[in-house]
Amino acid sequence: MGADRSGAGNCQLSRLLTTTPAALVVPAVPTFSVDGGFWYSIPDHLRTDVGVGVRVRVPLGGRKVRGFVVDLAERDGNLKEILGVSGEVPVFDLALLKTLRWAAQHYVAPVSVVLEKAAPPTLPKLPKGTAETSTINEVQTANPLAAFAQALASRERHPAVSY
């Protein structure tokens, strides 16, 4: 009734047994249904940039949305990939994430809403020379707010209106 498919099962099994670096991302969608987040694989070119507290772009329901990385692990299976990183400085560390999750539970708010409110609207790039000498993991071990303040202070300021 058909061709011998003995090799097809082995191919699927080997694909499921391989583990890939993955990130648990809470999409910035204001609903309780995404509080647990979704696992996404980390592409090779973003492995050094993705860490806890980093904003990323991910596919969700046929569109691209911003999200926050809340955990990293090796995962099995076929996962969608993270599309990009929206800043070089992490917005929060694990201690602040724990506090933000508590605030979301205490005030009965979606975690994604609390994470959005706690994060600055735009993130500056790290000063030139910093990215080459330190990785995102080194920045994460330091206070993320201090790293953000350092990156913000290094930017050249231009007045919006001059009188």
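Residues take their numbers from the sequence shown, with the count starting at 1.
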Spacing of [atom1] belonging to [X] relative to [atom2] belonging to [Y], to within rounding of 0.5 Å:
X: Arg101; Y: Asp35; atom1: CZ; atom2: CG; value: 7.5 Å
X: Arg75; Y: Thr19; atom1: CZ; atom2: OG1; value: 11.0 Å
X: Leu83; Y: Arg66; atom1: CG; atom2: CZ; value: 14.0 Å
X: Arg47; Y: Leu72; atom1: CZ; atom2: CG; value: 11.5 Å

Quiz item: Hey, any chance Val111 and Leu94 share a hydrophobic cluster, counting ILVMFWY side chains that come within less than 4.5 Å of each other, even indirectly?
Solution: yes
Quiz item: Angle class for the Phe92/Phe68 ring planes (parallel below 30°, perpendicular above 60°, tilted otherwise)?
Solution: tilted
Self-check item: Side-chain hydrophobic cluster, 4.5 Å single linkage: members besides Val113
Solution: none
Quiz item: Quick one: does Lys80's side chain get under 4.5 Å of Val25's, heavy atoms only?
Solution: no
Self-check item: Contact check, side chains of Asp49 and Ile42, non-hydrogen atoms, under 4.5 Å
Solution: no
What closest approach, in Å, do [X] and [Y] show between heavy atoms, and which atom pair accounts for it?
X: Trp39; Y: Asp71; result: CH2-OD2, 4.0 Å
X: Ala119; Y: Arg55; result: CB-NH2, 3.1 Å
X: Asp93; Y: Leu96; result: OD1-N, 2.9 Å
X: Val34; Y: Thr31; result: CG2-O, 3.5 Å
X: Leu46; Y: Val85; result: CD2-CG2, 3.9 Å
X: Pro120; Y: Val91; result: CD-CG1, 4.1 Å

Practice problem: Output yes when a side-chain donor or acceptor of Ser112 lies under 3.5 Å from a complementary backbone atom of Val26, and no otherwise. | Solution: no
Quiz item: Do any N or O atoms from the side chain of Tyr40 and from the backbone of Arg57 form a donor-acceptor pair under 3.5 angstrom?
Solution: no
